[in-house]
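Everything below concerns the one structure shown next.
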Amino acid sequence: MSGHQGGSGLKRRYTRLSMPELPEVEINRRYFDQHALGQRIVGVRVKDLRILGESREPALRRTMTGRRFVSTRRHGKHLFAEIEDRGWLRIHFGMTGDLFYYHGVKSPSRHPRVIIDFEQKAHLSYDDPRLFGVVELAASPESYIETRRLGPDPLDKAFDARSFSALFENRKGAVKALLMTQEIIAGLGNLYVDEMLFQTSVHPRKTASAITRPKRKAMYKSMRTILCDVIDQKLQGKSYPKRYLIPYRQGGERCPRCGGTIQRTVVFGRTTYFCGTHQRT
DNA sequence: TTCCATGTTCCGCA
DNA sequence: TTGCGGAACATGGA
């Protein structure tokens, strides 16, 4: 993972990040580190109980109040924050989750679901208009990952090209389905799966096990590059790098790589964009 | 008003 | 066991 400090992007607010996939969760993790770590928690307010997952509100309040967050971790699209001597808080951002740190009485954000109060009127708000996210207590990241059988994180140092390639063995389904399945690899979402297939000229419906070893290696490199570059670009407040598919997700557009036509279809139940010319079956 | 949405889970079926 | 399609969740924006 790119370990350097976030730039001006971490000072963003109060505009939303785009929908949360791995890069957005990583940016939120650094935002959490910068603003919430080490501060004493004086209160927890749950504005909508539907966001809580397995945890109950009194348990959440009791566990966190009077404590501090001492570290964070990210695995896939899950953010874990360690509560001193009390386990962990897990945040999943769903489709529309986001974090806002602010001072004062009134939340500047529009859909606060859980607000963590710190000393001196500082607050961290978890916002989520669509309520698909989850904020709950967890024993540890490891236990959660094991219980949910989550696959490796794409940016984990120990997750190398060989391990990535091994995921394709005996998989008869579409490569897009493989990459989207969190139990196989945890953290890739619709947008970035389409992007890495586009950049490596792989058709989203191609049978995973039929993809050659060299191609898998290229996909691995593309995956890491895309995720790291997007994190860096977004931290700098920039848009997507040149020749990315992402800005062309409307269909009928010209492919920025080969001039072909960008097609729209559905794979694994998700809207899928690809270039009909250079991404072959 | 209708359609769409970058996530996840569950169910039925092959 | 694997794989796939569809529905459901809840809300806002184009």
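Values in this document were obtained by computation on a predicted structure and should not be read as measured data. Below, chains carry the letters A, B, ... as their sequence lines are ordered, and counting in each starts from 1.
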### Shortest side-chain distance from A/Ala177, nucleotide among C/dC4, C/dG12, B/dT6
C/dC4
### Message
Using only modelled atom types and a 3.5 angstrom limit, is any donor from either the side chain of A/Arg270 or the base of B/dG7 paired with an acceptor on the other?
### Response
yes
### Query
Looking at B/dT8, B/dA5, B/dT9, which one has an atom nearest to any side-chain atom of A/Thr271?
B/dA5
### Summary
Ranking C/dA10, C/dG13, B/dG7 by distance to the side chain of A/Lys77, first place goes to B/dG7
### Query
What nucleotide among B/dG7, C/dG3, C/dT11 has an atom nearest to a side-chain atom of A/Glu21?
B/dG7
### Query
Of the nucleotides C/dG13, C/dT11, B/dT6, which one has an atom closest to the side chain of A/Asn190?
B/dT6
### Query
Do other residues, nucleotides or ligands put more than 12 heavy atoms under 6.0 Å from the NZ atom of A/Lys215?
yes
### Query
Is it true that a side-chain atom of A/Glu253 and a backbone atom of A/Arg249 form a donor plus acceptor pair closer than 3.5 Å?
no
### Message
Whole angstroms only, please: what is the CZ-C1' distance between A/Phe132 and B/dA5?
### Response
9 Å
### Query
When all nucleic acid strands are considered with a 4.0 Å heavy-atom cut-off, which category describes A/Gly269: base, sugar-phosphate, or nothing?
nothing
### Message
Nearest to the A/Met180 side chain among B/dG7, C/dA10, B/dA5, which nucleotide is it?
### Response
B/dG7
#### Entry: Closest nucleotide among B/dT8, B/dT6, C/dC4 to the A/Leu191 side chain
B/dT6
### Task
Please tell me which of the listed nucleotides, C/dA10, B/dT8, B/dT9, lies nearest to the side chain of A/Arg148?
B/dT9
### Message
For a quick check of understanding: with a heavy-atom distance under 4.0 Å over all strands, which category does A/Arg205 fall into, base, sugar-phosphate or nothing?
### Response
nothing
### Summary
Partner of C/dA14 under the Watson-Crick or G-U wobble criteria, both distances under 3.5 Å, comes out as B/dT2
### Query
Picking from B/dT8, C/dC4, B/dC4, which would you name as closest to the side chain of A/Ala174?
C/dC4
### Message
Taking the minimum atom-to-atom distance to the side chain of A/Arg264, which one of B/dT9, B/dA5, C/dG12 wins?
### Response
B/dA5
